Amino acid sequence: MTDILTLAGQNLISPIILSFALGLLAAMARSDLSVPEAIAKGMSIYLLFAIGFKGGASLAEHGVDARLVFALIAGVLLSAAIPFVAFAMLRVMTGLSTLDAAAVAAHYGSISIVTFVAATSVLTSQGIAYEGYMVAVAAAMEAPAILSALWLISRQGAGRGMDAGLWREILLNGSIVLLLGAFVIGAATGQEGLAEIDAFITAPFKGVLCLFLLDMGLVAGRGLRSARGVLTPGVLGFGVLMPVVGSLMGMAAALALGLSPGGAAILMVLSASASYIAVPAAMRVALPEANPSIYLTLALGVTFPFNLTLGIPIYLALATAVTGG
Amino acid sequence: MTDILTLAGQNLISPIILSFALGLLAAMARSDLSVPEAIAKGMSIYLLFAIGFKGGASLAEHGVDARLVFALIAGVLLSAAIPFVAFAMLRVMTGLSTLDAAAVAAHYGSISIVTFVAATSVLTSQGIAYEGYMVAVAAAMEAPAILSALWLISRQGAGRGMDAGLWREILLNGSIVLLLGAFVIGAATGQEGLAEIDAFITAPFKGVLCLFLLDMGLVAGRGLRSARGVLTPGVLGFGVLMPVVGSLMGMAAALALGLSPGGAAILMVLSASASYIAVPAAMRVALPEANPSIYLTLALGVTFPFNLTLGIPIYLALATAVTGG
Amino acid sequence: MTDILTLAGQNLISPIILSFALGLLAAMARSDLSVPEAIAKGMSIYLLFAIGFKGGASLAEHGVDARLVFALIAGVLLSAAIPFVAFAMLRVMTGLSTLDAAAVAAHYGSISIVTFVAATSVLTSQGIAYEGYMVAVAAAMEAPAILSALWLISRQGAGRGMDAGLWREILLNGSIVLLLGAFVIGAATGQEGLAEIDAFITAPFKGVLCLFLLDMGLVAGRGLRSARGVLTPGVLGFGVLMPVVGSLMGMAAALALGLSPGGAAILMVLSASASYIAVPAAMRVALPEANPSIYLTLALGVTFPFNLTLGIPIYLALATAVTGG
Amino acid sequence: MQTHQAKRVEIIIEAVMERRLTEVLVEAGVTGFTVLPVSGGSGRSGQWTREGQVGRSGMVAVVCLIRPDRLEGLLQAVFRVVNRHIGVVSVTDCEVLRAERF
Amino acid sequence: MQTHQAKRVEIIIEAVMERRLTEVLVEAGVTGFTVLPVSGGSGRSGQWTREGQVGRSGMVAVVCLIRPDRLEGLLQAVFRVVNRHIGVVSVTDCEVLRAERF
Amino acid sequence: MQTHQAKRVEIIIEAVMERRLTEVLVEAGVTGFTVLPVSGGSGRSGQWTREGQVGRSGMVAVVCLIRPDRLEGLLQAVFRVVNRHIGVVSVTDCEVLRAERF
Ligand SMILES: Nc1ncnc2c1ncn2[C@@H]1O[C@H](COP(=O)(O)O)[C@@H](O)[C@H]1O
Ligand SMILES: Nc1ncnc2c1ncn2[C@@H]1O[C@H](COP(=O)(O)O)[C@@H](O)[C@H]1O
Ligand SMILES: Nc1ncnc2c1ncn2[C@@H]1O[C@H](COP(=O)(O)O)[C@@H](O)[C@H]1O
Ligand code: NA
Ligand code: NA
Ligand code: NA
C-alpha cells in the first residue's frame, strides 16, 4: 500500500503528468494556448511508430513466444467482453439511454495507446521488462469492442449496422496500421534496425510524450469545460470504477497467460484504458445518434487522467503482487 | 572593444544567425521557400517548453534566491517604464501619430522570447552561467508594457480601453502560460525530471533554433519587402537606438539587483528586445486603428536582427564590464 | 553480382525501405493512415537543411577541390542532356504525346533529393566516403532539365514558353534555396558549426527519413491506385529502364571527373532519379496540358521505388567496380 | 464574358463522413467537387475546434458547382448521407464560366 | 427535395477577433456557424500570408446560415465587432435543407 | 443595416497559379481578395488530396467581393489565367456592408 502511494506520488510529479496537468489547467482557464492539429497528429505518428518499432525489435531479440498467439487471442476476447460489463454497469449506475450506453461501452473495450505508452515509460524508468509483443496485443484490442457495442445495439433494433466500408475503416484504421506496421518493421530489422534509428525513437521519446500530453490536457480541458452538463455523479463514478474493473479482467487474463509482471501490468492498463481516437470516429459513423460529448468526456476527461495518475501505479502494484514479480 | 568585435564576428558566422540571414535573403529574393504555419508554431512550442523547463530545473538546483522576487518586480517595472521612453523618443525622432507611436512603444516594453533564447545559447556556448529564474522574469515582462501603452493612448481620449476578455487574453496568452508552466514543471521535477527529457530539450535545441530562425528570417523578409514605405530614416533609427536605450535601463536594474554577469546580460537583452507575437495581437484588438506594418516591421525586421547580430555581443560585453564578471 | 544481391537484400530489409513499403501497402489497402501536409513539409525542410549543412561542413573540412567546379558543370550538362535521351526513349517505347513525353523527360533530367538522401545513408552505413560538394551538384541538377524539355516542346510550336516569373520560380525554388543555403552555412561554420547542431541534424536523421518515406509510400500508393490506367507496359518499362540509362550517363561523367567511388555512386543516383516536387510544379505552370498523373506516377510510383530498392545497390556496385574503389 | 447559370451547393458535414459523401456525389453524376478544411464551429451539438485534435474529428465543407437540372438528384443523394448525421446543406444561385465543365 | 429560404452570411475577419465575433453571434441568437481557415489575402492594409506565422495572425472566414428574418439583428451585432476592424461581410440568398435547424 | 449590391467571385485554381492569379486581380483593379486553403477535390482530371504532399500541389480557393460594374473586367482578367489551366470560376450576387471598401 505504501508502495502504491510512493509510486503514485513519484508518478504525479513526473514531467509527463505535469505536462498533462498544465494543458488541463490552461484550457480550463481559457488560455489560448493550443497545439496545431498537424503537430498533434505528427506527434501521435511518431509515438505509434516508435512504440511499435521498439516492440518489434524486442520481439526479434527474445524470439517468438508461444504465448504471443494466446496473448493476442486473450486481447481480442477482453476487448469483446469488456463492453458487456461496461454496458451493464452503465445501465445500473447511470441514466444513459441504451444507445449512449452502448457507445460508451465500446470505448472501454478498446484501448488508449497513450495510456499504454505512459505505462511503458513508467515500467522503463523502474527497470521492469515486459513482453515486446504487447504492442501487437494493443493493436488487436482496438476493434473487437466496436463489434460488441454494435451487437448490443442491433439487439434493440437500432443502429445502422456495419457496411463493408465501415469494416475496412475500423480494421485498417491509421493507428492500427501504423502500430502493427512499425511492429513488423521492428521485428524484421531487429536490433540492427533499432541501432540505426535509436537516436530518433528512443532518446527524445519521453520529451515528445510530454508535449503530446500537454496537447491532450488542452483537448481534455476544452472538452470538460463545454461538457460539464453530461457529467452526472453516476457517469463520473463509472469513469473511475470501470477502469479498475477492466484492469481486473485484464489481470485474470494475464495470470492465465502466465505473463511477466511487466506484461501483466500492461495488459491491465490496456483493459483499463478507453479509446478516444479510433472508437469515437467509428461511433460517429455507426451510431450518429449517440451523444459524442458523453463518451469523449468520459474517456479523455475522466478515465484517461485517472489511469495516468492513480491507475498505472495501482495496476503495476497489483500485477507485481499477483505474479509474484 | 576588440572583444565585442571578435564576439560579434564569431556570433555572425554561427549557424543560428546565418539561418536567419538565409531566410531573410530568400524572402527578399521572392523565393517560394516557406515553413508551414503549423511547423513554425510547433517549433515555438518546443522552444518555450524547453527554455522554461531548463530554467525551472536550474532554479531547483540552485535554490530559490531572495533576488527572484526583486527580479520579477524589476522586470514588471522595466516593462511598464520602457514604453514611456520609447513613446517620447518616437515623438521626437519620427512623424508617427500618437496612436502608432503608442502601439510601437508597447512592443519595446515587452520582450522577444527568441532573442532571449538566442542570448542564452550564446551564453551557454561561452560557458557563462545565468540565473534560471530569468525565464520567469521574461514571462513577467510580457504584459505590463501593453498597459502603459493603453494608458498613453487613453490619456489622449482615444483607444478602446481594456475589457475583461482582453485582460485574460494578455495574461493567459499561450506563450506566457507555456513558459511559466514549463518553468514550474522544471522546478517541481528538478534535475531528475531534466534527466528524463534532456535528450529532447537540450541536445536538439540549437538545431531547432536554426530552423526557427530560418522561418523568422522568411517572415521578416516578407514583411520588409511589403513595408518598405513605412521605414523612414527616423523610424529606422529608432529601431536601432531604442534597443540600446532599453538595454541600458536593463543594465541599471541588473546592477541594482546584483545579478551575475550572465543574468545582467539577459536582463539587458530582455529590455532591448521587442515583442512580435503577444503584443501585436493585443494591439490588433485594443488599438485596431494603429498600423500593424509599422510595429511589425520595426520589431521583427529591424530590432530583432540588430539584437541578434550586434546587440547581444554588445550587451554581454557591457554586462561583463559593469558587473566585473 | 553476389555482392549486389547481398547489398540489395540488406538494403531491402532496412527500416527506411520497409517504412516506404508500409506506406505503399497502407495506401493500396485504402487505410486512412496519413501524414499531415505540414508535417511532410516540415520533414522535407529538416532533411534538406541537414543534408545541405553536412555537405557544406564536409567541404569546409576537406577544402575546396578544383573538381567542384567541374562537377557542377557536369551536373548541369547531365541534367540538360538526359531529357533528350528520355524523350527519344519515350517516343520509341510508349505512345505518349509529344507534350506528355517532354514533360516526363524533364522529370528524369532533374533529381529526387530523397533518393539522394537515401543513397548517402546507405553509403554512410557502409562507411564509404563521398565528396561533400555533391550536395551542390544535386542543387545544380534541379533546373536545367526543365529548359531542355521546354525547348523540346517549343520546337513543336507548342508550350507557353518561359516568362520571367517562371524563371525565378524555378531557380529560386524553395528546395534549391534551402539546400544551397544550408550548404553555404555548413561551409561557412565548418566543423565547429556542425558540432553545435550535430545532435539535431545527424543523430535523428535516419529516423526522420523513415517517417518521411512512410509518407512518400502513402502518396505513391494513393497515386498508383488512382492512376493505374496510365501505366501501360511501355510506360512502366520506361520507368525502370530510364534510371539505369541515366545512371550510366552519370557514371561516364563520374569517370571523366575522377570522383571517388562514393561520389561516383552519388552522381549515378542523381542522374538515375526523377524529380517529383520541383519539376511537376514547373510543368503545371509551363505545360498545363500535359497529364500530371503520368509523370507523377512514373517518378514517384515506379522510378523512386526502383531506385530505392534495386537501383542504389546496383549503382554503388557499378561505381565501386569502375572506379576501382 | 459569357457565363452560365448553375447552382453552388455547400455541404458542411462531419469529417468521418467525407468519403461516404463524395462517393454518393460521384454516383449521383456530379462531375466535380472541392473540399475545404473547417477549423471550428458551433451548432446544436455544441461548439468545437480542430486545434490539437488527433483523430479525424470536426467537419469539412464540400462545395459542388452543378447544372441546375442536376440539383434535385444531387440533393436527394446528399440527403441520404446527411440525414442521420449533423451538418448543413445550402444552395445558392450562381453563374459559371466554361459551362462545358459541369 | 423541400428547401427553405435562408441567408448565407460570410464574415472575413481578423483571427484575433474570432472569439469576440462568435460570442456576439451567439448573443444575437444565431444557432450555428462554421469557421474556415484563411491562408492569405490582400486588401487596403496590404497583402498577407499565414505561412510561417507564429502568432494568431491573419484572418478567418465565419459562415453563418440563418433565417431571413434574423438577418437584420445579426448584421447589427456583427457590425459592432467589425466596425473598427479590418474585414468584410457579405450576404447571399440561399436555400437550405432541414429548416428546423436554423 | 444598409447593404450594397456586390458580386462574390470564387475561383478554385491550382496552387501553383495562385501568384499569377492574384497579380492579374490586382492589375484588374480589384481592391481585395481572400485565399482559402483547399484540402482535396475531384474533377475531370481525377480525385486528389493534399495529405502528405510536399510540393505546392493541389488547389486554392480565391474569394473576391467586387462592385457589380467591375465584374466584366475581372472575369476577363481571370479568364486569361484560368484558360489553359484546370479550375472553376463561379459568380454569386451578394450584399455587402461598408461599400466604400470595394
Ligand atoms: N446555421 C449554421 N450556419 C453555419 N454552420 C452551421 C450552422 N449550424 C450548424 N453548422 C455547422 O454544423 C456543425 C454541426 O451542427 P449541429 O448539427 O447543429 O451541431 C456545427 O458545428 C457547424 O460547424
Ligand atoms: N474585396 C474583397 N474581397 C474579398 N476579401 C477581401 C476584400 N477586401 C478585403 N478582403 C479581406 O479582408 C482583409 C482585410 O482587408 P482590408 O481591411 O481591406 O485590408 C484582406 O486581407 C482580405 O483577406
Ligand atoms: N463542379 C465542380 N464543383 C466544385 N469544384 C470543382 C468542380 N469541378 C472541378 N472542381 C475543382 O477543380 C479541380 C480541377 O477540376 P478539373 O479541371 O475538372 O479536374 C477539382 O479537383 C476540384 O477541386
Ligand atoms: Na480497455
Ligand atoms: Na523590451
Ligand atoms: Na535524374
Side-chain angles (χ1 to χ4, degrees), chain D residues 6-15 21 24 28 34-51 53 57-66 68-95, chain E residues 1-40 50 53 56-68 71 74 90-102:
Chain D
K7 297 281 181 180
R8 180 183 187 276
V9 184
E10 185 178 79
I11 306 152
I12 297 174
I13 195 174
E14 287 177 275
L21 177 68
V24 159
T34 298
V35 185
L36 287 88
V38 169
S39 60
S42 175
R44 296 177 311 167
S45 32
Q47 198 151 349
W48 62 273
T49 163
R50 207 150 180 164
E51 278 173 351
Q53 294 288 351
S57 69
M59 321 280 291
V60 294
V62 178
V63 172
C64 191
L65 300 166
I66 48 159
D69 56 320
R70 297 229 173 138
L71 180 64
E72 184 60 27
L74 175 93
L75 287 185
Q76 274 170 7
V78 166
F79 188 70
R80 263 179 288 129
V81 177
V82 180
N83 189 17
R84 290 179 58 214
H85 289 269
I86 63 179
V88 292
V89 181
S90 67
V91 183
T92 320
D93 289 323
C94 69
E95 304 271 322
Chain E
M1 300 257 354
Q2 159 108 53
T3 59
H4 309 265
Q5 291 223 332
K7 297 281 181 180
R8 179 183 187 275
V9 183
E10 186 177 78
I11 305 151
I12 298 175
I13 195 174
E14 286 177 274
V16 287
M17 298 301 292
E18 179 187 330
R19 190 180 52 72
R20 284 178 179 76
L21 176 68
T22 55
E23 278 172 10
V24 159
L25 290 179
V26 171
E27 275 167 34
V30 164
T31 53
F33 55 81
T34 298
V35 185
L36 287 89
V38 169
S39 59
R50 208 150 180 164
Q53 294 288 350
R56 189 170 282 267
S57 69
M59 323 277 293
V60 295
V62 178
V63 171
C64 191
L65 301 166
I66 48 160
R67 291 211 319 259
L71 181 63
L74 174 95
S90 66
V91 183
T92 321
D93 288 323
C94 68
E95 305 271 321
V96 293
L97 292 185
R98 309 198 283 183
E100 71 283 5
R101 306 208 150 211
F102 300 93

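Just the heavy atoms: all of them, side chains too, but no hydrogens, waters or symmetry mates, feed the values below. Chain letters run A, B, ... following the sequence lines, proteins first and then strands; every chain starts at 1. What you see is a predicted model, and the numbers here were worked out from it, not measured in a lab.
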Inset, instruction - Would you give the length of the straight line joining atom CG of L71(D) to atom OG1 of T3(E), rounded to the nearest 0.5 angstrom? - result: 8.0 Å
Inset, instruction - Tell me, out of S90(D), S42(D), A61(D), who's got the most heavy-atom pairs with chain E below 4.5 Å. - result: S42(D)
Legend entry - Point-to-point distance, once rounded to the nearest 0.5 Å, from CG of L75(D) to CD of E95(E): 9.5 Å
Inset, instruction - Using side-chain contact (heavy atoms from CB on, under 4.5 Å) as the criterion, list what pairs up with A15(E), not counting sequence neighbours. - result: R50(E), R56(E), V60(E)
Legend entry - Side chain / backbone / both / neither for V62(E) at chain D, heavy atoms under 4.5 Å: neither
Legend entry - Least distance between heavy atoms, D93(E) atom then T92(D) atom: O-CG2, 3.3 Å
Legend entry - Contact class of L97(E) relative to chain D, heavy atoms under 4.5 angstrom: both
Legend entry - chain D-proximal positions within residues 4-12 of chain E [heavy-atom distance under 4.5 Å]: R8(E)
Legend entry - Chi angles and distances behind the side-chain contact (heavy atoms from CB on, under 4.5 Å) call for V78(D), M1(E): CA-CA 11 Å; V78(D) 166; M1(E) 300 257 354; over 6 Å; no
Inset, instruction - Give the member of Q76(D), R44(D), M59(D) that has the highest number of heavy-atom pairs under 4.5 Å with chain E. - result: R44(D)
